[in-house]
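Chain letters run A, B, ... following the sequence lines, proteins first and then strands; every chain starts at 1.
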Protein chains: 2
Amino acid sequence: MTDELGKSIFERSHCPIACALDYLGDKWSLLIIRDLLLGKKRYQEIMASPERIATNILADRLKKLEAAGLVIQQAYQQKPVRYEYILTKKGEDLRPVLEALVKWGKAYFPGTTVFKSHE
Amino acid sequence: MTDELGKSIFERSHCPIACALDYLGDKWSLLIIRDLLLGKKRYQEIMASPERIATNILADRLKKLEAAGLVIQQAYQQKPVRYEYILTKKGEDLRPVLEALVKWGKAYFPGTTVFKSHE
DNA sequence: AAAGTAACTTGCACTATACAAGCTATTATT
DNA sequence: AATAATAGCTTGTATAGTGCAAGTTACTTT
């Protein structure tokens, strides 16, 4: 099975977990998805999260998440053009994964709390 | 809040997802957990998985997972001493996270399948 | 005695991440 | 009119993580 560019979409194996981790297996991607699920939309809103993501990493991850079809860019103004980042259904559908992670994290890191959705 | 060595257990923030990703946010840790959940126990069994993890990475991750309290080593023979790796409850409790990831992966990478539990 | 096996470790090249600074186009302030 | 501020980046450099190959130790099997 190949994508439109002819390269296999099964980068490491035919396991759904391995394929998912090819896109999400790092310290930042799922935190960005978390922010977007919580209602954040703009670059500076994500930058303001307490984990202090470096700006080059955020720009890189947004590009990769867009290429992976989890996120789309939407201009909210021209002159100068500025973008909001919106989850696609594919991205939204990660909500149960994040919820399971939250449950586990709260059980084993007592004292942690999820931020409230901000709108 | 600090652990027994006095360093904060909240490495990046007080978010349960961020804390979880400090331990699991890479391309390999969750795949090792997957193997152990499927019933694999020994170094070579994990090495035999189709993703072809490099041996130095596997050794490193098993050490880190043990340090994080997700896995324990158990000798299954002496002379020479050989170990099996067993999930703790903390590790077992990641099952719902993996199940959610499998569901997502199967939906968006059609053609993927999870390996059967091998015992 | 030689080869094989399990569980690693070591060395080196390559890639990813972190931190700091700089850039571009525009709006707001003095 | 000049200066500062803001959003959304890019670039450069240093450190950390990953991948591949080979080597090590302590046995067991042929």
Side-chain angles (χ1 to χ4, degrees), chain A residues 7 10-13 17-19 21-33 35-36 40-68 71-86 118, chain B residues 7-8 10-13 17-33 35-36 40-68 71-86 118:
Chain A
K7 73 176 206 302
F10 304 124
E11 305 222 351
R12 287 188 289 179
S13 75
I17 299 172
C19 288
L21 292 177
D22 282 332
Y23 294 101
L24 305 170
D26 67 78
K27 290 203 187 307
W28 293 109
S29 296
L30 282 172
L31 285 178
I32 295 170
I33 304 279
D35 280 353
L36 296 174
K40 296 188 181 186
K41 291 185 171 70
R42 299 184 184 179
Y43 201 88
Q44 293 301 322
E45 290 181 298
I46 303 172
M47 285 293 289
S49 289
E51 291 83 14
R52 315 300 326 274
I53 188 170
T55 179
N56 57 338
I57 305 290
L58 177 56
D60 178 78
R61 287 309 180 283
L62 286 172
K63 252 184 226 159
K64 285 180 177 164
L65 290 173
E66 202 190 353
V71 163
I72 51 167
Q73 261 193 332
Q74 213 165 52
Y76 65 88
Q77 67 169 45
Q78 304 295 328
K79 307 209 306 182
V81 64
R82 288 284 180 265
Y83 297 103
E84 288 182 334
Y85 295 90
I86 316 279
H118 80 349
Chain B
K7 73 177 205 304
S8 174
F10 304 124
E11 304 221 353
R12 285 188 291 178
S13 75
I17 300 174
C19 288
L21 291 178
D22 282 333
Y23 294 101
L24 304 170
D26 67 78
K27 289 203 189 307
W28 293 109
S29 297
L30 282 171
L31 285 177
I32 295 170
I33 305 279
D35 280 355
L36 296 173
K40 297 188 180 185
K41 291 186 172 68
R42 300 186 183 178
Y43 201 88
Q44 292 302 320
E45 290 181 297
I46 302 172
M47 286 293 289
S49 289
E51 291 85 14
R52 313 304 322 275
I53 188 170
T55 178
N56 57 337
I57 305 288
L58 178 55
D60 178 78
R61 287 308 181 284
L62 286 171
K63 250 182 227 158
K64 286 180 176 164
L65 291 173
E66 203 190 350
V71 163
I72 51 165
Q73 261 193 333
Q74 213 165 51
Y76 65 88
Q77 67 169 43
Q78 303 295 327
K79 307 209 310 182
V81 62
R82 290 283 181 264
Y83 298 102
E84 288 182 332
Y85 295 91
I86 315 280
H118 81 350

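When the C1' atom of D/dA16 is taken as reference, atom CZ of B/Arg61 falls 12 Å away, rounded to whole Å. One can place CG of A/Asp60 at 8 Å from P of C/dA16, the figure rounded to the nearest angstrom. Here the C1' atom of nucleotide D/dT25 and the OH atom of B/Tyr43 are 14 Å apart, to the nearest Å. The interatomic distance linking B/Ile46 (CD1) with C/dA7 (C1') rounds to 12 Å, in whole Å. With rounding to whole Å, A/Leu58 atom CG is found 13 Å from D/dT10 atom C1'. Here D/dT18 presents its C1' atom at 16 Å from CD of B/Glu51, a figure rounded to the nearest Å. Counting to the nearest Å, the P atom of C/dT17 and the CG atom of A/Leu62 are 14 Å from each other. Taking atom CZ of residue B/Arg42 and atom P of nucleotide C/dC8, one finds them 12 Å apart after rounding to whole Å.
At distances below 3.5 Å, not a single donor-acceptor pair connects side-chain atoms of A/Tyr43 with backbone N or O atoms of A/Tyr85. The backbone N or O of A/Leu21 lies less than 3.5 Å from no partner atom in the side chain of A/Arg12, so there is not a single donor-acceptor pair. Panel note: side chain A/Gln77, backbone A/Pro80; a donor-acceptor pair is recorded below 3.5 Å. Listed for the B/Lys41 side chain is no donor-acceptor partner under 3.5 Å among the backbone atoms of B/Ile86.
The phosphate of C/dA7 (OP1 or OP2) has a side-chain N or O of B/Tyr76 nearer than 4.0 angstrom. For B/Tyr85 and C/dA6, the shortest distance from a side-chain N or O to OP1 or OP2 is not below 4.0 Å.
Here B/Lys64 pairs with B/Asp60 under the side-chain hydrogen bond (donor to acceptor under 3.5 Å, both in side chains) rule; sequence neighbours left out.
Within the 4.0 angstrom heavy-atom criterion, only backbone atoms of the sugar-phosphate kind lie near A/Lys63; the bases stay farther away.
When each of D/dT18, D/dG8, C/dC8 is scored by its nearest atom to the side-chain atoms of B/Asp26, the top-ranked nucleotide is D/dT18.
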Quiz item: What pattern of brackets, bars and dots sums up DNA chain C from 5' to 3', given Watson-Crick or G-U wobble pairs under 3.5 Å, [ ] for crossing pairs and | for another strand?
Solution: ||||||||||||||||||||||||||||||
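In this structure, A/Leu24 CG and A/Cys19 SG are separated by 11.0 Å, a value rounded to the nearest 0.5 Å.
In this structure the side chain of B/Leu36 never reaches within 4.5 angstrom of the side chain of B/Leu65, judged on heavy atoms. Residues B/Leu58 and B/Met47 have side chains in contact (heavy-atom distance under 4.5 Å, counting atoms from C-beta outward).
Applying side-chain hydrogen bond (donor to acceptor under 3.5 Å, both in side chains) to A/Glu84 and the options A/Gln74, A/Arg42, A/Lys40 leaves one that passes, A/Arg42.
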Exercise. Using a 4.0 Å heavy-atom cut-off, write out nucleotides 18-29 of chain C from 5' to 3' as B (base contacted by protein), S (sugar-phosphate only) or - (no contact).
Key: BB-B----SS--
